[in-house]
Enquirer: 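Input: one structure, supplied below.
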Amino acid sequence: AQSVAQPEDQVNVAEGNPLTVKCTYSVSGNPYLFWYVQYPNRGLQFLLKYITGDNLVKGSYGFEAEFNKSQTSFHLKKPSALVSDSALYFCAVRDSNRDDKIIFGKGTRLHILP
Amino acid sequence: SAVISQKPSRDICQRGTSLTIQCQVDSQVTMMFWYRQQPGQSLTLIATANQGSEATYESGFVIDKFPISRPNLTFSTLTVSNLSPEDSSIYLCSVGQGAGDTGELFFGEGSRLTVL
């Protein structure tokens with residue numbers, strides 16, 4: 001069965017520093033990988049996705065993520081954090097061999113310190 | 001991207017009653033999904049709703065507790081029946097592009113349910 005792991009419940013980063021939010025996955029086929037962000041009392045907003053091609057994908061708000069097949073990881077990164085990046089981040093995966101269900105990780109709360 | 005409207009945005013209900021959540025999309029979509037997000041938890045898929053067929057429920061979710069309607073390609077409802085405090089959650093409607101699609105899901109703002 002497909003699964004997603006986000007090993008950190010919370011990540012604290014000083015404003016202006018680079019940030020990384022970790023994600024690893026497990027699927028039987030090829031993975032389709034996604035990152036979403038959730039601000040307080042809001043729904044989920046799509047940030048970026050990896051389907052195929054270049055392992056480094058760029059998304060909204062200056063975020064990017066690197067697909068690493070050998071490590072089954074898809075870490076979210078940003079070169080310089082903003083206080084407004086503080087939110088809850090979810091990694092998600094869809095298995096190309098299965099139907100259209102997307103499975104979400106438990107989420108990582110990102111806290112950017114001013 | 002699709003624009004998804006959910007109603008109500010929040011509600012407080014008594015134990016034993018039911019709540020119906022509506023999801024309206026601004027374009028026709030094949031697949032609609034209902035997720036539950038319990039306090040401090042991730043999203044758990046409840047069911048997949050396709051127009052013209054019965055919803056497909058995930059393990060741990062049953063039709064009697066979470067009946068779903070999908071009368072057309074732009075609308076769906078989720079009812080949470082016989083409410084208990086354990087049903088207090090955010091319920092999220094989302095849409096995809098269709099079978100075989102590799103794209104992302106779009107989400108509504110969610111419906112926050114509190115059961116007393």
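Letters A, B, ... are given to chains in the order of the sequence lines, protein chains preceding strands, and every chain is numbered from 1.
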Enquirer: Supply the atom-to-atom distance B:E104 CD to A:R94 CZ, rounded to the nearest 0.5 angstrom.
Expert: 9.0 Å

Enquirer: With the 4.5 Å side-chain cut-off for hydrophobic clustering, are B:V80 and B:V62 part of the same group?
Expert: no

Enquirer: Is it possible for you to say whether A:W35 and A:V13 belong to one hydrophobic cluster, with membership spreading through side-chain heavy-atom contacts below 4.5 Å?
Expert: yes

Enquirer: Once you round to the nearest 0.5 Å, how far does OH of A:Y36 lie from CG of B:L105?
Expert: 4.5 Å

Enquirer: Which atoms of B:Q37 come close to chain A, meaning under 4.5 Å heavy atom to heavy atom: side chain ones, backbone ones, both, or neither?
Expert: side chain

Enquirer: Out of curiosity, does B:I68 fall in the hydrophobic cluster containing B:F33 (side-chain heavy atoms, cut-off under 4.5 Å, transitive links)?
Expert: no

Enquirer: Which bit of B:L92 comes within less than 4.5 Å of chain A, counting heavy atoms only: side chain, backbone, both or neither?
Expert: side chain

Enquirer: Working to the nearest 0.5 Å, report the span between CD of B:E109 and CG of A:L44.
Expert: 10.0 Å

Enquirer: Taking side chain as everything from C-beta outward and backbone as N, CA, C, O, which of these in A:Q38 sits under 4.5 Å from a heavy atom of chain B? Side chain, backbone, both or neither.
Expert: side chain

Enquirer: At a 4.5 Å cut-off on heavy atoms, which part of A:L48 comes close to chain B: side chain, backbone, both, or neither?
Expert: neither

Enquirer: Give a yes or no on this: more than 12 heavy atoms of other residues, nucleotides or ligands lie within 6.0 Å of atom NZ of A:K106.
Expert: yes

Enquirer: Treat each ILVMFWY residue as a node, draw an edge where side-chain heavy atoms are under 4.5 Å apart, and state whether A:Y50 and A:L56 are in one component.
Expert: no

Enquirer: If two hydrophobic side chains count as joined below 4.5 Å and joins carry through other members, does B:I21 share a cluster with B:F107?
Expert: no

Enquirer: Once you round to the nearest 0.5 Å, how far does CG of B:L45 lie from CD1 of A:I102?
Expert: 10.0 Å

